Amino acid sequence: MVVVMKERATEEEIDAVIARLIDFGMDVHRSSGATRTVLGVVGTGKVDPALISLLDGVHEVLRITEPYKLAGRTFKPQDTVVTIDDVRIGGDEVIVMAGPCSAETEAQVDASAAAVKRAGAKVLRGGAFKPRSSPYSFQGLGEPGLRMLRDAANTHGLKLISEVMDASQIELIAKYCDIFQVGARNMQNFTLLRELGHARKPVLLKRGLSATIEEWLMSAEYILSGGNNDVILCERGIRTFETATRNTFDISAIPVVKKLSHLPVVADPSHGAGRRDMVAPMARAAVAAGADGLIIEVHHDPDHALSDGAQSMFPNQFDRLMAELRIIAPAIGRSICLEPLAKRGWSR
Ligand code: PEP
Ligand code: MN
């Protein structure tokens, strides 16, 4: 249920409505926009909407039929902007996160960070805990990897996103990164999601390999209902009958989610396509479809990468993609890394 307060509702009236809802055993999430306050009401208690609609200051009470409440636009019509200092995800600017799949060595992380910064990325990506399909594959460097990533992010003036695979890693990863990444395989790790609801850093939640959009939004709801409002959704491709690409990159999910939810949506064309020659076309399409950002794997020497080398771009491919995005973004009213950049000298 959502309680929409009148435009001129006073703080006393809002507090009285909240107190009444809590008396009924409900949890109340307040969202104050420019003109009105909206209360998202969730929980297992029983409350009669007709009674609430009679309270002073209440404009209307809406029943929400979608199973997700806090993630939906009915509760919060205005877009959520996740802010990390001067980086705003979900605003006008398309934010690009880029870097290697995994941290491998100091030199590798630094070279990749330098390359993506030069091209206009705002956030360094890189995993220190890797969810690999095989237990015999490289599993990530753990804390030393996080340290390398943080040092490179600091050196090059980038924010840092890194994957958390288990609730027990939250405290450690929070010391190093600015955004937690929840991987596709953990989209329904509800213990992890609940714990991230209490974290004080943004969470990028990838869509599960076989998850519907509704299931994905329900997972976001776990984090939001714990009190963490800074959730970023990430489309990374889903498993279908098609085998020509690693996954089927669901571009239609971008406008669908933008319509259903106020949360920012980032696209991951690297895992979506799984081949570096397909990453740029998918990235261009994702921005054109309205993505608020991209997360892209870039490696200074992808042919020797310890994970996901085949889908990791060479720095010069990434440079060129960024130059193309600087043409596409303004065409749909968005900006992208507008600060002046040295000419890259790529040719068609
Ligand atoms: C990754 O970002 O390297 C990763 C493992 O992604 P996903 O969870 O989408 O497979
Ligand atoms: Mn990867």
Side-chain angles (χ1 to χ4, degrees), residues 96-104 108-109 112-113 116 121 123-135 137-142 145-146 148-149 159-166 169 173 177-189 192-193 196 202-211 213 215-216 219-220 231-240 245-251 253-254 257 265-276 278-279 282-283 286 291 293-314 318:
V96 179
M97 311 178 187
C101 178
S102 309
E104 299 164 8
Q108 168 252 6
V109 172
S112 303
V116 303
V123 181
L124 176 65
R125 66 142 288 150
F129 295 97
K130 297 304 300 179
R132 306 305 301 281
S133 301
S134 164
S137 301
F138 176 60
Q139 304 287 307
L141 296 178
L146 288 171
M148 287 172 195
L149 289 160
K159 302 297 175 203
L160 177 63
I161 178 168
S162 198
E163 178 158 357
V164 56
M165 285 174 57
D166 186 88
Q169 298 164 346
I173 296 176
C177 78
D178 301 295
I179 307 172
F180 291 108
Q181 174 177 325
V182 175
R185 290 156 193 82
N186 266 317
M187 190 204 83
Q188 287 187 319
N189 177 343
L192 173 62
L193 301 179
L196 288 169
V203 178
L204 178 136
L205 176 65
K206 290 205 177 190
R207 181 179 182 182
L209 273 68
S210 307
I213 289 174
E215 288 165 340
W216 187 18
S219 289
V231 176
I232 304 157
L233 297 165
C234 175
E235 165 59 41
R236 50 77 72 203
I238 49 174
R239 191 163 280 184
T240 68
T245 47
R246 181 177 177 187
N247 291 293
T248 299
F249 189 45
D250 184 6
I251 290 176
I254 298 165
V257 170
V265 183
V266 160
D268 175 348
S270 308
H271 293 84
R275 309 167 37 136
R276 78 172 73 102
M278 300 289 160
V279 173
M282 293 299 95
L294 293 169
I295 180 162
I296 297 184
E297 289 183 341
V298 179
H299 194 290
H300 75 299
D301 181 13
D303 292 336
H304 295 99
L306 295 183
S307 61
D308 286 348
Q311 68 191 32
S312 298
M313 291 181 118
F314 286 98
F318 182 65

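Order of appearance sets the numbers: ligands from 1, and atoms from 1 within every ligand. This is a predicted model, so every value here is computed, not measured.
Within the listing of ligand 1, atoms 7 (P), 8 (O), 10 (O) sit less than 4.0 angstrom from a heavy atom of Arg185.
When side chains are defined from C-beta on, Met148 does not count as touching Gln108, because their heavy atoms never get closer than 4.5 Å. Under the 4.5 Å side-chain criterion, counting only non-hydrogen atoms from C-beta, Asp250 is in contact with Arg207. The closest side-chain heavy-atom distance from Lys130 to Cys101 is below 4.5 Å.
Nearest heavy-atom pair across Arg236 and Ala184 is NE-CB, 3.4 Å.
Not close to ligand 1: Gly127, with no non-hydrogen atom less than 4.0 angstrom away.
When the N, O or S atoms of Asp308 are ranked by distance to the Mn ion (ligand 2), OD2 comes first.
Nearest protein neighbour of atom 8 (O) of ligand 1, counting heavy atoms only, is Ala184 N, 2.8 Å. Closest protein heavy atom to atom 6 (O) of ligand 1: Lys206 NZ, 3.0 Å. Scanning all protein heavy atoms for the shortest distance to atom 3 (O) of ligand 1 gives Lys130 NZ, 2.9 Å. For atom 4 (C) of ligand 1, the nearest non-hydrogen atom of the protein is His271 NE2, 3.3 Å.
Looking at Asp308 next to ligand 1, no N or O pair under 3.5 Å apart turns up.
Rounding to 10°, one obtains 90° for the angle at the Mn ion (ligand 2) between NE2 (His271) and OE2 (Glu297).
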